[in-house]
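Values below: all heavy atoms of this structure, side chains included; hydrogens, waters and symmetry mates excluded. All values derive from a computational prediction rather than experimental measurement.
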Amino acid sequence: MQFPAEYERRMKEQLGSEYEEYLRCFDEPCRSGLRVNTLKLSAEHFSEIAPYSLARIPWIANGYFYPEGISPAKHPFYFAGLYYLQEPSAMTPASLLPVSPGERVLDLCAAPGGKSTELAAKLSGSGILIANDISNSRAKALLKNIELFGVKNAVVLSEAPTKLAERFGGYFDKILVDAPCSGEGMFRKSPAIMKNWEQYGTNYYNELQKQILPEAVKMLRPGGMLLYSTCTFSPKEDEGMVQFVLDHFDEMELLPALPEKHPAEISYSGFCSGRPDWIENGNYREELTRTLRLWPHKISGEGHFIALFRKREGENEQNTYRSAQFTPAKLSVEAEEFLKMLSFPVDFSQIMEREKKLYLLPQELPDLSGLRLLRQGLLLGEEKKGRFEPSQALAMALKKEEYPWVYSPKEADVIRYLKCETIEVDKIFADGYVLVCAGGYPLGWAKYSGGRLKNKYLPGWRMQ
């Protein structure tokens, strides 16, 4: 592996006698992982029904390594949103942010959604998740993953942190900032990142981080927690940014990134403490050892850095948020009849209509007017003349027990369905929408008529 000269020099200084061990890890294959969607099933149950051999990721309760040579993204369970494919170290930040149901949570740099989907699973459908990415194209990929996971209580935005901070001062209980960075921890997995490093270096990203983190601090309520993470080894972007926050925001304190108590099956063996002595100016705080460094030569994953902050209670905080104002939708007869068939609770006072589309909004939704909004709440479907068409997002948010007409075809027909083909069935349904499943987990809608299921799977999600 040919490193940029400046990177090689610094890493030799940082790692000293460990540098050769670090080099040797580049001769080893990267490990691939998947994280089970606990909104839909437990990790234990997934391990029982998984169609291939899995091995636990020691530090992630719902994470598994999967073997080389298989393609989990082509299995129907992937299309059912049962898991997210994610590099094992990248699962760590969302796992270490202590989110509880009912909280207000922000994923500030969220695309493509790996961390957002885990935060949503921790909320268990209660509270609100705001997932944001400044790039509109990346935010669209984020939205797809939010829908695929069956998340009902999310808002997807594409805004600059400064604009969000103007709107959401003191609003969030928990914030995750997986910041844009120089990507040194991904050099083994994606060597092409080194070209980006040579073009921009660490200073470029350090300046971005200095713009993003202060805005995140403004949006955190007193007593709330902020987790900062990167996938780089650069002290300027890691311990240096933590010290920047502590030096400029007296209300912020640094907590140990690892919980004092954790389940017996979880092991953080191989995790390393932060290194305040690597900060260039030498004026560092010893408490920076509470941060974490994940090294590819010490664990079965790539490089990562993690720091956990808390805003002290009693701080005077200017709250700039306000509640959303909307008029509950007046539903057509067809929409009301369809939604009343669902056995999960639908609060009709929380349904909003926009351009004939119906959205089930999270409780206590904040005002989102004037923001670049991709989605608020769960898209239920669209009102059309004389009929209601349920959405793909609604299908993914359902459990098979929550809709009266369900069909679980054989594997060959599952594949045909995912390729948007019509399916012949020998089962009789009432004419109307049928929820098509794989192994009992919803994939999408089809419309039954005369022994056939006309495919209503979202074309943009089609299996290739």
May I ask you to decide if [Y]'s main-chain N or O and [X]'s side chain share a donor-acceptor pair within less than 3.5 Å?
X: Tyr359; Y: Gly377; result: no
X: Ser190; Y: Phe187; result: no
X: Glu353; Y: Glu355; result: yes
X: Ser32; Y: Tyr66; result: no
X: Lys399; Y: Phe344; result: no
X: Gln350; Y: Pro362; result: yes

Side chain to side chain donor-acceptor pair (under 3.5 Å) between Ser95 and Trp59, worked out: CA-CA 9 Å; Ser95 75; Trp59 62 93; over 6 Å; no
Of all heavy-atom pairs between [X] and [Y], which one has the smallest distance, and what is that distance?
X: Asn132; Y: Leu142; result: N-CD2, 4.3 Å
X: Gly169; Y: Thr320; result: N-OG1, 2.6 Å
X: Pro214; Y: Phe244; result: CG-CE2, 4.0 Å
X: Thr92; Y: Pro88; result: OG1-O, 3.9 Å
X: Leu96; Y: Pro259; result: CD2-CD, 3.8 Å
X: Ile128; Y: Pro366; result: CD1-CD, 3.7 Å

Partner residues of Phe26 under the ring-ring contact (aromatic ring centres under 6.0 Å, His included) criterion, sequence neighbours left out: Phe3, Tyr22
Given side chains that start at C-beta, do those of [X] and [Y] come closer than 4.5 Å, heavy atoms only?
X: Val245; Y: Leu226; answer: no
X: Asp277; Y: Tyr284; answer: yes
X: Ile212; Y: Val177; answer: yes
X: Arg285; Y: Leu254; answer: no
X: Tyr205; Y: Thr230; answer: no
X: Ile49; Y: Phe77; answer: yes
X: Phe172; Y: Ile130; answer: yes
X: Met194; Y: Tyr7; answer: no

Evaluation steps, salt bridge (Lys or Arg N to Asp or Glu O under 4.0 Å), between Arg56 and Glu265: CA-CA 10 Å; Arg56 276 285 312 281; Glu265 69 271 15; 5.3 Å; no
Please list, chain by chain and in numerical order, all residues satisfying salt bridge (charged side-chain N to carboxylate O under 4.0 Å, His left out) with [X], sequence neighbours excluded.
X: Asp238; value: Arg293
X: Lys12; value: Glu8
X: Glu402; value: none
X: Glu6; value: Arg9

Qualifying salt bridge (charged side-chain N to carboxylate O under 4.0 Å, His left out) pairs with a residue from residues 171-191, counting only residues at least two apart or across chains: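 Checked against salt bridge (charged side-chain N to carboxylate O under 4.0 Å, His left out) - neighbours excluded - the pairs reaching residues 171-191 are Arg10-Glu184, Glu103-Lys174, Lys115-Asp178, Asp173-Arg221, Arg188-Glu302.
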Selection residues 193-217 - residue pairs positive for salt bridge (charged side-chain N to carboxylate O under 4.0 Å, His left out), sequence neighbours left out: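 The answer is Glu215-Lys218.
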Hey, can you pull the donor-acceptor pairs under 3.5 Å for the side chains in residues 147-157, sequence neighbours left out?
residue	atom	partner	partner atom	Å
Glu147	OE2	Arg375	NH1	2.2
Glu147	OE2	Arg375	NH2	3.4
Asn153	ND2	Gly127	O	3.2

For [X], give me all partners under side chain to side chain contact (heavy atoms under 4.5 Å, CB included), at least two apart in sequence or on another chain.
X: Ser300; answer: Arg31, Phe65
X: Arg138; answer: Ala111, Pro112, Asp133, Ser135
X: Asn136; answer: Lys140, Ser158, Leu374
X: Lys144; answer: Trp461

NZ/NE/NH1/NH2 to OD/OE distance under 4.0 Å, Lys356 and Glu382: no
Sidechain N-carboxylate O distance under 4.0 Å for Arg167, Glu159: no
Derivation and outcome, side chain to side chain contact (heavy atoms under 4.5 Å, CB included), residues Val105 and Lys122: CA-CA 10 Å; Val105 179; Lys122 286 185 167 189; over 6 Å; no
Exercise: do Thr202 and Ser182 side chains pair donor with acceptor under 3.5 Å: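 Checked: Thr202/Ser182 side chains show no N/O donor-acceptor pair below 3.5 Å.
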Does [atom1] belonging to [X] count more than 12 external heavy atoms closer than 6.0 Å?
X: Glu364; atom1: CD; answer: no
X: Glu401; atom1: CD; answer: yes
X: Glu68; atom1: CD; answer: no

For the residue pair [X] and [Y], does the interplanar ring angle fall in the parallel (under 30°), tilted (30 to 60°) or perpendicular (over 60°) class?
X: Phe233; Y: Trp295; result: parallel
X: Phe338; Y: Tyr403; result: tilted
X: Phe46; Y: Tyr64; result: tilted

Stepwise side chain to side chain contact (heavy atoms under 4.5 Å, CB included) test for Leu129 and Ile146: CA-CA 10 Å; Leu129 170 69; Ile146 290 285; 4.2 Å; yes
Derivation of the side chain to side chain donor-acceptor pair (under 3.5 Å) call for Asp107 and Ser116: CA-CA 6 Å; Asp107 189 355; Ser116 288; 2.7 Å; yes
Tyr321 six-ring centre to Arg104 NZ/CZ under 6.0 Å and within 45° of normal: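 The answer is yes, since Arg104 meets both limits relative to Tyr321.
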Rounded distance (nearest 0.5 Å) linking atom CE of Met225 with atom CD of Glu253: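 Here the interatomic distance stands at 9.0 Å.
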CG on Leu119 to CD1 on Ile175, rounded to 0.5 Å: 11.5 Å
Derivation and outcome, side chain to side chain contact (heavy atoms under 4.5 Å, CB included), residues Leu54 and Leu34: CA-CA 9 Å; Leu54 299 173; Leu34 62 83; 4.2 Å; yes
